[in-house]
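No hydrogens, no waters, no symmetry mates; every other heavy atom, side chains included, goes into these values. For the single chain, residues carry numbers from 1 onward in sequence order. Computed from a prediction, not measured in an experiment: that's the story for all the values here.
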Amino acid sequence: MNSTHLHFSAFRGRRLHLGVCGSVAAYKVCDLLRGWVRDGISTSATLTDGARQFVTPLSFAALGALPVYGRLDDATEAPADEIFAHLEPGQRAQAMIIAPASADALSRLANGAASDMLSAQALAFSGPLVIAPAMNPRMWAHPAVRANVAILQERGAMLVRPGCGATACGDMGEGRLADLREIHVAALRALAPQDMAGLRVMITLGPTREVWDGVRYWTNPSSGRMGASLAVAAWLRGARVDAVCGPGAPWLPQGICRHDVVSARDMLAAAEAVWDAADMGVFTAAVADFSPVSAGPEKFKKEGAADGFSVRFTANPDILKTLAARRSRGQRIMGFAAETAADLAACVRRKLASKGADMIVGNNVNQQGAGFGAPDNTVLVLDRNGREERWPARSKADIAWDLCTWLLSL
């Protein structure tokens with residue numbers, strides 16, 4: 001849960017309500033709460049009687065949940081301003097998430113029962129609802145459970161499907177609580193403005209790897225964090241995202257269509273396959289400009305080159321320039337310029353003029369605390385309308401959020 005590209009300060013001041021049901025996975029939700037609090041999201045919580053057998057209200061309160069609700073008849077847990085406890089989430093929270101959601105809770109929600117605090121709060125909640133079930137694989141596969149989930153989805157609930165693997169009872173299969181990162185971003189998506197809904201965004205990210213012999217290759221230190229941050233930001237805001245990922249690129253939510261590639265030519269082919277259907281192209285990948293001429297599939301032995309050797313390189317295709325040249329009317333393009341020159345502005349202006357992009361984001365990759373591999377970045381942004389801004393060091397996630405806003409405005 002410490003992936004920096006999943007944490008955005010744009011959610012500060014937002015509020016969500018967390019429901020926790022009886023499951024051995026309930027303890028994991030403490031990490032979810034910690035992540036939302038880190039994002040500045042105010043979070044209240046309701047623990048069912050079953051949940052309290054695994055975790056305590058004090059744990060959630062200590063981690064920042066306020067208030068923490070329990071039973072319907074527990075008057076001591078009502079808010080101080082006398083709003084009814086079973087109505088408070090619906091009046092104050094912008095999204096509600098139930099994780100883990102038990103089979104019993106799914107049945108209550110699907111059938112409109114309000115026999116405990118959590119189900120009453122859910123019935124009185126009209127905002128986005130996210131459910132993340134966790135149960136025995138045979139329970140999850142039961143037709144009644146699947147029917148209840150289908151009813152909730154038809155009503156607009158967002159489902160974070162259970163993961164596959166070993167469950168606490170020893171059974172194997174689909175039923176364990178989903179990856180916490182999936183649940184974390186599902187809640188963020190429920191809170192996010194959907195101003196990119198209906199748009200398809202293609203993003204290239206990470207390095208490329210140009211093979212030389214059986215064990216060696218030519219590459220660069222790009223981590224893919226900037227591109228991953230942009231992919232997640234666009235997806236959170238409702239876009240359909242295709243992420244063309246070089247080797248070692250970060251984790252992305254399952255809702256993002258991921259295309260893993262290795263070389264620059266692989267990346268171009270994958271990008272070309274989706275480009276015509278895209279509304280926006282974001283080219284963050286640190287593509288190798290040159291590839292070494294192959295020394296063959298076997299490992300090159302040093303015994304045959306005691307005095308050293310030379311490697312010849314050939315030029316790789318320019319992915320940004322190639323796809324910009326075949327853009328259709330209305331497609332918007334953002335490119336990136338990773339530079340080391342002292343005059344960053346001059347480099348960005350040249351790239352904007354030569355690549356055919358609508359905007360270029362430049363950064364000095366040799367600047368300490370920014371650039372390749374760093375969680376933060378310092379950038380210069382220039383667009384085709386002459387707008388130019390320098391942004392001080394901030395997290396790549398926050399920069400990505402603002403870049404999406406800028407691209408939307410073009």
Side-chain angles (χ1 to χ4, degrees), residues 1-21 26-47 51 55 57-69 77 79-81 83 85 87-101 118 121-122 124-132 157-160 177-196 228-229 231-238 251 253 255 375 394-402 404-405:
M1 280 300 299
N2 59 355
S3 300
T4 55
H5 66 290
L6 306 181
H7 294 279
F8 299 83
S9 64
F11 293 96
R12 291 191 181 279
R14 304 290 283 170
R15 185 174 181 85
L16 66 82
H17 184 69
L18 170 65
V20 185
C21 299
Y27 78 92
K28 296 181 180 180
V29 183
C30 292
D31 281 338
L32 281 173
L33 174 59
R34 189 178 288 112
W36 292 322
V37 170
R38 172 184 168 179
D39 290 341
I41 299 170
S42 298
T43 307
S44 53
T46 298
L47 276 60
V55 290
L58 182 59
S59 297
F60 283 76
L63 290 172
L66 183 70
V68 180
Y69 297 109
E77 298 191 61
D81 55 7
I83 295 177
L87 302 178
E88 187 267 344
Q91 294 173 327
R92 289 182 169 168
Q94 286 85 47
M96 182 174 184
I97 181 161
I98 302 177
L118 180 58
Q121 288 173 333
F125 191 81
S126 58
L129 173 66
V130 180
I131 52 174
M158 292 174 275
L159 173 68
V160 183
L177 187 66
D179 186 320
L180 294 186
R181 295 171 295 186
E182 294 285 357
I183 304 172
H184 176 83
V185 295
L188 296 188
R189 197 170 200 239
L191 289 170
Q194 297 300 289
D195 53 358
M196 297 184 77
S229 296
V232 173
W235 178 77
L236 291 178
R237 294 166 71 161
W251 177 90
R394 288 189 295 153
S395 75
K396 289 180 176 177
D398 289 341
I399 288 174
W401 191 271
D402 290 344
C404 284
T405 301

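- Rounded to the nearest 0.5 Å, atoms OG (Ser3) and CG (Leu180) are 11.0 Å apart.
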Determine, stepwise, if the pair Leu47 / Tyr69 fulfils side chain to side chain contact (heavy atoms under 4.5 Å, CB included). CA-CA 6 Å; Leu47 276 60; Tyr69 297 109; over 6 Å; no
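- At least one donor-acceptor pair closer than 3.5 Å links the side chain of Gln194 to the backbone N or O of Leu236.
- Within the 4.5 Å cutoff, side-chain heavy atoms of His7 are placed close to those of His184.
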Determine, step by step, whether Lys396 and Thr4 satisfy the side chain to side chain contact (heavy atoms under 4.5 Å, CB included) criterion, reporting the C-alpha distance in whole Å, the side-chain angles of both residues, the deciding distance to 0.1 Å, and the verdict. CA-CA 8 Å; Lys396 289 180 176 177; Thr4 55; over 6 Å; no
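- Under the 4.5 Å side-chain criterion, counting only non-hydrogen atoms from C-beta, Arg14 is not in contact with Trp36.
- Rounded to the nearest 0.5 angstrom, Ile131 CD1 and Leu159 CG are separated by 5.0 Å.
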Working for side chain to side chain contact (heavy atoms under 4.5 Å, CB included), residues Leu18 and Val29: CA-CA 9 Å; Leu18 170 65; Val29 183; 3.4 Å; yes
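- The minimum heavy-atom distance between Gln94 and Pro128, with the atom names listed, is O-CD, 3.1 Å.
- Scanning all heavy atoms of the two residues, the minimum distance from Trp401 to Pro193 falls at CZ2-CD, 4.0 Å.
- Rounded to the nearest 0.5 angstrom, Arg15 CZ and Met96 CE are separated by 12.5 Å.
- Looking at Gln121, its side chain does come within 3.5 Å of a backbone N or O of Ala85 through a donor-acceptor pair.
- Here the side chains of Ser229 and Ile399 are not in contact, with every heavy-atom distance at 4.5 Å or above.
- A 4.5 Å side-chain heavy-atom check between Leu63 and Val37 finds every atom pair outside the cut-off.
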Could you walk me through whether Ile183 and Ile97 pass the side chain to side chain contact (heavy atoms under 4.5 Å, CB included) test, one step at a time? CA-CA 9 Å; Ile183 304 172; Ile97 181 161; 3.3 Å; yes
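- In terms of heavy atoms, Ala234 sits closest to Cys404 at N-SG, 4.1 Å.
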Test Asp31 against Lys28 for salt bridge (Lys or Arg N to Asp or Glu O under 4.0 Å), laying out the working first. CA-CA 6 Å; Asp31 281 338; Lys28 296 181 180 180; over 6 Å; no
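- Not one N or O on the side chain of Arg92 forms a donor-acceptor pair closer than 3.5 Å with the backbone of His17.
- Looking at Arg237, its side chain never comes within 3.5 Å of a backbone N or O of Ala192 through a donor-acceptor pair.
- In this structure, Val68 and Ser44 have side chains that are not in contact, with every pair of non-hydrogen atoms separated by 4.5 Å or more.
- Ala93 and Phe125 get closest at one heavy-atom pair: O-CE1, 3.5 Å.
- Of the possible polar contacts, none joining the Asp39 side chain to the Ile41 backbone as a donor-acceptor pair under 3.5 Å is found.
- Counting heavy atoms from C-beta outward, Pro253 and Arg181 have side chains that stay 4.5 Å or more apart.
- With rounding to the nearest 0.5 Å, the separation of CG in Leu6 from CD in Glu182 is 9.5 Å.
- When every heavy atom of Pro100 is checked against every heavy atom of Val20, the shortest pair comes out as CD-CG1, 4.0 Å.
- Residues Ile98 and Cys21 share a closest heavy-atom pair of CG2-SG, 3.9 Å.
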